[in-house]
Amino acid sequence: MLMLYNTLTRQKEVFTPIQAGQVRLYVCGMTVYDLCHLGHARVLVVFDMIYRYLQAAGYQVTYIRNITDIDDKIIRRALENNEPWQTLTARYIQAMREDAAALNVLPPGAEPRATEHIPAIIAMIRRLIDKGHAYPAENGDVYYQVSSFANYGRLSGKTTADLQAGARIQPGEQKQDPLDFALWKGAKPDEPTWDSPWGPGRPGWHIECSAMSTQALGDSFDIHGGGADLAFPHHENEIAQSEAATGHPFVNYWLHNGFVRINDEKMSKSLGNFFTIRDVMQTYTAEEIRYFILASHYRSPLHYADAQLTQARASLTRLYTALRDLPEVAPIGAEDQTTAFHAAMADDFNTPVALAVLFSLVRAINRARQKDLGQAAGLAATLRTLGGILGLLQQAPDDYLRNAFFVGPDVAEIEHKIAQRTAAKAAKDWATADRIRAQLAATGIVLEDNQTGTRWRHQSTT
RNA sequence: GGCCGAAUGGCAGAAUGGCUAUGCAGCGGACUGCAAAUCCGUGUAUCUCGGUUCGACUCCGGGUUCGGCCUCCA
């Protein structure tokens, strides 16, 4: 039984899909005007984990993650760069896909883009006007009339009275009420525009998600996700738009992931305290970043610090070490761990507990390999399968353990030194053997002697 | 100011009305020429003050601290 924490009700609820065995999932993706930072990485990884788990749990999942490819920031950045907005967004869409692929994030079923759904957006705005939930203004804008939607504020726990206090009408806007928001923005100089019944202009931000999600998934669907900062106003507005337009309940379960923090502050562009995925990949592998993200519950704050990534490295080293030197066989048994893993995941995607289960499997493998290699191999296959549900542990162990990240001598050099040391050991020249080992250690190479010889790996902690 | 959330051992991070994860680090032992890896064992915690309860870290209330949303933000 899958339990989900639903932002709408602020409690865990039993998940019941609209159609048995099927999940329709929509996640608000990126606005593509810059490189993805760790906050974006968290959304990508968290919902990828959810996507993978739902499938592993037997659901047929339709996963839609949109791309916002027109908005104020994109227009401004394109002007600054003196380039067409299309080349700017194409570049960052490409970068985002590369980052996602590095993080082992599966492509969603579709990645609809706002600028490719203008007709659907216009159609929805027209319906909202027809039904008396929206109105065109003289400046070419179209606004949503918040007072026309009774449930406004339900998702974010706000009342329209609370919101009135801080609301302002910006210069140039022609809202009837400060809470009203733009569905369509009338053309301004130097801005891309599309034709509409209300004159040339471009869509507001919120309407694209209402239009694209209902077009792809129907008027009502199961799960809508995104970062916690989108709950208000973005998701609140999506509900108001969609339900007013379709007359049906929009989404049953709202999932919001917590922020990435740095020095106890939200990592964000405006604070300037962000690291891009690419920044971090200078020092840590993408799988280490993925592990770091999944080592905390998706709703908890995720504290970014070097020590955390180093811990992720140490953890992955232990996991991959358990997988070394075992033949590829079918997964076996390990019913306790498999059950515990799925129970953890079914409890609102408790990845920290799921990871803890993987470590209990590691212990079982290491114990078994002393007496029954076949059993150890079977358990290792189980470990890989469960890790795969988290999108982890899919590399060859030595590819991870000897990854090229660490500065050190090349492989031929390492093996040459190991051969020298083996000779010294045979001659019981311990001083020489230890000196060679110390030399390699100084360059971050760790040696391990066993019955069959000496093997090496990169150091996992500093 | 309004609303929401969080405070757990050296660090990170789960869970639970009583049996108290997991990883790293520490300590003891086995193994090893010595190590490493591995195995076995082990110590350390629930912000604060009240309340409910046979029993609370867990539930309730006050306080403190921190974070978030209320404007673009994943």
Side-chain angles (χ1 to χ4, degrees), chain A residues 7 10 27-31 33 36-47 68 71-73 76 153 156-159 161-168 170 179 205 225-234 236 256-261 264-271 274 291-292 295-297 299-303 305 307-319 321-322 324 340 344 347 350-360 362-363 365-367 369-370 401 425 428-431 433-434 437-438 441 445-451 454-457 459-461:
Chain A
T7 306
R10 290 174 211 295
V27 172
C28 289
M30 271 16 101
T31 301
Y33 70 104
C36 292
H37 60 63
L38 281 180
H40 303 113
R42 192 176 195 191
V43 183
L44 289 169
V45 167
V46 161
F47 285 99
T68 297
D71 91 319
D72 294 353
K73 293 186 291 297
R76 193 186 333 127
S156 52
K158 298 176 189 299
T159 65
D162 291 340
L163 291 165
Q164 290 287 0
R168 285 258 177 86
Q170 297 295 317
L179 293 186
W205 176 34
D229 44 3
L230 297 187
F232 189 90
H234 184 55
E236 194 73 72
H256 291 100
N257 64 274
F259 300 126
V260 177
R261 284 199 211 171
D264 278 338
E265 277 186 328
K266 177 182 173 183
M267 180 181 287
S268 72
K269 299 252 166 151
S270 47
L271 290 169
F274 64 91
Y291 186 99
F292 158 66
S296 294
H297 185 84
R299 285 189 282 114
S300 300
L302 179 60
H303 297 276
Q308 299 265 58
L309 272 299
T310 301
Q311 264 200 53
R313 172 169 294 170
S315 301
L316 280 170
T317 298
R318 180 163 162 81
L319 290 163
T321 299
R324 277 193 309 197
D347 181 16
N350 194 331
T351 53
V353 171
L355 287 170
V357 173
L358 298 191
F359 285 101
S360 108
V362 164
R363 191 165 296 108
I365 292 166
N366 288 332
R367 260 188 232 140
R369 76 195 306 153
Q370 287 162 354
L401 295 168
K425 279 178 62 179
K428 297 202 188 298
D429 179 0
W430 307 126
D434 290 353
R437 186 170 61 196
I445 307 297
V446 179
L447 298 188
E448 302 174 10
D449 294 339
N450 58 35
Q451 289 85 341
T454 299
R455 64 176 313 143
W456 64 274
R457 62 178 171 84
Q459 199 171 16
S460 63
T461 54

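Chain A is the first sequence line, chain B the second, and so forth, proteins listed ahead of strands; every chain is numbered from 1.
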Engineer: Name the nucleic acid region contacted by H297(A), choosing base, sugar-phosphate or nothing; use a 4.0 angstrom heavy-atom cut-off, strictly under.
Structural biologist: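 Here H297(A) touches the backbone only, sparing every base.
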Engineer: Do D264(A) and H303(A) make a side-chain contact, defined as non-hydrogen atoms from C-beta onward lying under 4.5 Å apart?
Structural biologist: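 In short, these two side chains touch, coming nearer than 4.5 Å.
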Engineer: On the nucleotide rC73(B), are OP1 or OP2 found under 4.0 Å from the side-chain N or O atoms that W205(A) carries?
Structural biologist: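 For rC73(B), OP1 or OP2 has a side-chain N or O of W205(A) closer than 4.0 Å.
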Engineer: For R457(A) and rA37(B), is the shortest distance between a side-chain N/O and OP1 or OP2 below 4.0 Å?
Structural biologist: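 Looking at the OP1 and OP2 atoms of rA37(B), one of them is under 4.0 Å from a side-chain N or O of R457(A).
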Engineer: Can you list the residues that meet the side chain to side chain donor-acceptor pair (under 3.5 Å) rule with T68(A), with sequence neighbours excluded?
Structural biologist: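 Listed in chain order: N66(A), E208(A).
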Engineer: Heavy atoms only: give me the nearest G226(A)-F47(A) pair and the separation to one decimal.
Structural biologist: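 Closest heavy-atom pair between G226(A) and F47(A): N-CZ, 3.5 Å.
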Engineer: For the P atoms, the ones on rA35(B) and on rG28(B), what distance do you get once it is rounded to whole angstrom?
Structural biologist: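 It works out to 12 Å between them.
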Engineer: Could you give the distance separating rA30(B) and rA6(B) at their C1' atoms, to the nearest angstrom?
Structural biologist: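 Nearest-Å result for rA6(B) against rA30(B) at atom C1': 43 Å.
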Engineer: Please answer whether the main-chain N or O of F292(A) pairs with a side-chain N or O of Q308(A) as donor and acceptor at a distance below 3.5 Å.
Structural biologist: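 Side chain of Q308(A) to backbone of F292(A), a donor-acceptor pair under 3.5 Å: no, none is there.
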Engineer: If the P atom of rA74(B) is compared with that of rC69(B), how far apart are they to the nearest Å?
Structural biologist: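 Pairwise P distance, rA74(B) against rC69(B), rounds to 12 Å.
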Engineer: Checking only heavy atoms, does the side chain of K158(A) share a donor-acceptor pair with the base of rC69(B) at less than 3.5 Å?
Structural biologist: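 Counting by modelled atom types and ignoring angles, a donor-acceptor contact under 3.5 Å is found here.
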Engineer: Below 3.5 Å, does any donor atom in the side chain of R42(A) face an acceptor in the base of rA74(B), or the other way round?
Structural biologist: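 Such a pair does not exist between side chain and base.
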Engineer: Go through the N and O atoms of the side chain of R10(A) and the base of rC4(B), and report whether any donor-acceptor pair is under 3.5 Å.
Structural biologist: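 Answer is no: no donor-acceptor pair is held.
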Engineer: Nearest 0.5 Å, please: how far is NE2 in H256(A) from SG in C28(A)?
Structural biologist: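 Answer rounded to 0.5 Å: 7.5 Å.
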Engineer: Can you tell me how far apart CZ (R369(A)) and CZ (R324(A)) are? Round to the nearest 0.5 Å.
Structural biologist: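 Spacing of CZ (R369(A)) from CZ (R324(A)) equals 7.5 Å.
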Engineer: Might you list the N or O atoms of the protein lying below 3.5 Å from N or O atoms in nucleotides 21-23 of chain B, with each pair's distance?
Structural biologist:
residue : atom : partner : partner atom : Å
rG23(B) : OP1  : R363(A) : NH2          : 2.9
rG23(B) : O2'  : S315(A) : OG           : 2.8
rG23(B) : N2   : Q311(A) : OE1          : 2.5
rG23(B) : N2   : Q311(A) : NE2          : 2.7
rG23(B) : N3   : Q311(A) : OE1          : 3.2

Engineer: Please tell me which of R369(A) and R261(A) maps to the more 5' nucleotide of RNA chain B, matching each residue to the nucleotide holding its nearest heavy atom.
Structural biologist: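 The residue whose closest nucleotide sits nearer the 5' end is R369(A).
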Engineer: Rounding to the closest angstrom, what is the interatomic distance between rU58(B) and rA37(B) at atom C1'?
Structural biologist: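 Rounded to whole Å, the distance is 39 Å.
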Engineer: How many angstroms lie between atom CG of D449(A) and atom CZ of R437(A), to the nearest 0.5 angstrom?
Structural biologist: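 Answer for the CG-CZ pair, D449(A) versus R437(A), is 6.5 Å.
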Engineer: Between P on rA6(B) and CG on D264(A), what's the gap in Å once rounded to a whole number?
Structural biologist: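 Going from D264(A) (CG) to rA6(B) (P), I get 16 Å.
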Engineer: Just N and O in the side chain of N450(A): are any of them under 4.0 Å from OP1 or OP2 of rA37(B)?
Structural biologist: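 No.
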Engineer: Given the P atoms of rU71(B) and rG62(B), what is the spacing between them in whole Å?
Structural biologist: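 Per the computed distance, 27 Å lies between those P atoms.
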Engineer: If I pick the P atom on rG43(B) and the same atom on rG23(B), what distance separates them, to the nearest angstrom?
Structural biologist: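 My reading of the P atoms in rG23(B) and rG43(B) gives 15 Å.
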Engineer: Is the base of rG33(B) stacked against the aromatic ring of W430(A), taking ring centres under 5.5 Å apart and planes under 30° as the test?
Structural biologist: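 A stacking contact exists, since W430(A) sits close and nearly parallel to the base ring of rG33(B).
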Engineer: Please evaluate the base of rG33(B) for a donor-acceptor partner in the side chain of D434(A) within a cut-off of under 3.5 Å?
Structural biologist: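 Check passes, donor-acceptor contact within cut-off.
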Engineer: How does protein contact run along nucleotides 26-31 of chain B, one letter per nucleotide 5' to 3', with B for base contact, S for sugar-phosphate only, - for none, heavy atoms under 4.0 Å?
Structural biologist: ------
Engineer: Drop me the distance from T351(A)'s OG1 to H297(A)'s NE2, to the nearest 0.5 angstrom.
Structural biologist: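 If I round to the nearest 0.5 Å, the distance is 7.5 Å.
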Engineer: Check this one for me: any side-chain N or O of K266(A) less than 4.0 Å away from OP1 or OP2 of rC69(B)?
Structural biologist: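 For rC69(B), OP1 or OP2 has a side-chain N or O of K266(A) closer than 4.0 Å.
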Engineer: Taking atom P of rC24(B) as reference, at what distance in whole Å does atom CD of Q459(A) sit?
Structural biologist: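 Taking atom P of rC24(B) as the reference, CD of Q459(A) is at 15 Å.
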Engineer: By nearest heavy atom, map A307(A) and D229(A) onto RNA chain B; which one lands nearer the 5' end?
Structural biologist: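 Here A307(A) is the residue nearer the 5' end.
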Engineer: What about K73(A), does its side chain sit under 3.5 Å from the base of rC73(B) through a donor-acceptor pair?
Structural biologist: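 A donor-acceptor contact between them is absent.
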Engineer: Can you give the dot-bracket line for RNA chain B, where a pair is Watson-Crick or G-U wobble with both atom distances under 3.5 Å, crossing pairs use [ ], and | marks a partner on another strand?
Structural biologist: (((((((..(((.....[...))).(((((.......)))))....(((((..]....))))))))))))....
Engineer: Side-chain contact, heavy-atom cut-off 4.5 Å: F359(A) with L319(A)?
Structural biologist: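 A side-chain contact under 4.5 Å exists here.
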Engineer: Within the 4.5 Å heavy-atom criterion, are M267(A) and R42(A) side-chain neighbours or not?
Structural biologist: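 Side-chain contact under 4.5 Å: no.
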Engineer: Mind checking if T159(A) touches a base, just sugar-phosphate, or nothing, with heavy atoms under 4.0 Å?
Structural biologist: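 Nothing, no heavy atom under 4.0 Å.
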Engineer: Can you list the residues that meet the side chain to side chain donor-acceptor pair (under 3.5 Å) rule with N350(A), with sequence neighbours excluded?
Structural biologist: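 N350(A): no side chain to side chain donor-acceptor pair (under 3.5 Å) contacts found.
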Engineer: Indicate, with a heavy-atom threshold strictly under 4.0 Å, whether G258(A) touches base, sugar-phosphate, or nothing.
Structural biologist: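 Contact class for G258(A): base.
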Engineer: For V46(A), which contact category applies under a 4.0 Å heavy-atom criterion: base, sugar-phosphate, or nothing?
Structural biologist: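 Result for V46(A) = nothing.
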Engineer: Heavy atoms only: give me the nearest P352(A)-A295(A) pair and the separation to one decimal.
Structural biologist: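 Shortest heavy-atom contact: CG-O, 3.5 Å.
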Engineer: Once you round it to whole Å, what is the distance between P of rC69(B) and NE2 of H256(A)?
Structural biologist: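 These atoms are roughly 13 Å apart.
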Engineer: Checking R313(A) side chain against Q459(A) main chain: does a donor-acceptor pair fall under 3.5 Å?
Structural biologist: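 Side chain of R313(A) to backbone of Q459(A): no pair is present.
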Engineer: Roughly how many Å is it from CZ in R299(A) to P in rG67(B), rounded to a whole number?
Structural biologist: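 Nearest whole value for this atom pair: 21 Å.
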Engineer: Starting from C1' on rU32(B), measure out to CG on D449(A) and report it in whole angstrom.
Structural biologist: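 Distance check: D449(A) CG to rU32(B) C1' gives 8 Å.
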Engineer: Less than 4.5 Å apart, side chain to side chain, heavy atoms only: is that true for W456(A) and I445(A)?
Structural biologist: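 When only atoms from C-beta onward are counted, I445(A) and W456(A) do touch, with a gap below 4.5 Å.
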Engineer: Please list, for nucleotides 56-58 of chain B, all pairs of protein and nucleotide N/O atoms separated by less than 3.5 Å.
Structural biologist:
none

Engineer: Could you state the CZ-C1' distance from R455(A) to rU38(B), rounded to the nearest angstrom?
Structural biologist: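 After rounding, the reported distance stands at 13 Å.
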Engineer: Under 4.0 Å between any heavy atoms, over every strand shown, what does G39(A) touch: base, sugar-phosphate, or nothing? Just pick one.
Structural biologist: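 G39(A): base contact, heavy atoms under 4.0 Å.
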Engineer: Do the rings of F274(A) and H37(A) sit parallel, tilted or perpendicular, given the 30° and 60° boundaries?
Structural biologist: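 Aromatic pair F274(A)/H37(A) classed tilted.
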Engineer: Take atom C1' in rA14(B) and the same atom in rU8(B), then report the distance between them in whole Å.
Structural biologist: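 Between the two C1' atoms, the distance is 10 Å.
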Engineer: Over how many whole Å does the gap from H303(A) atom NE2 to rU8(B) atom C1' extend?
Structural biologist: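 After rounding, the reported distance stands at 13 Å.
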Engineer: Output yes when at least one side-chain N/O atom of N366(A) is less than 4.0 Å from OP1 or OP2 of rC39(B), else no.
Structural biologist: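 Yes, because at least one side-chain N or O of N366(A) sits under 4.0 Å from OP1 or OP2 of rC39(B).
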Engineer: With C1' as the reference atom in both, quote the distance from rC47(B) to rU32(B) in angstrom, rounded to an integer.
Structural biologist: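 After rounding to an integer number of Å, I get 46 Å for this pair.
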Engineer: To the nearest angstrom, how far is L230(A) atom CG from rC70(B) atom P?
Structural biologist: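 For the pair L230(A) CG and rC70(B) P, the rounded distance is 10 Å.
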Engineer: Measuring from T321(A):OG1 to R457(A):CZ, what's the distance to the nearest 0.5 Å?
Structural biologist: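 So the gap between those two atoms works out to 5.5 Å.
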Engineer: For the CZ atom of F259(A) and the NZ atom of K266(A), what is their distance to the nearest 0.5 Å?
Structural biologist: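 Rounded to the nearest 0.5 Å, the CZ-NZ separation comes to 4.0 Å.
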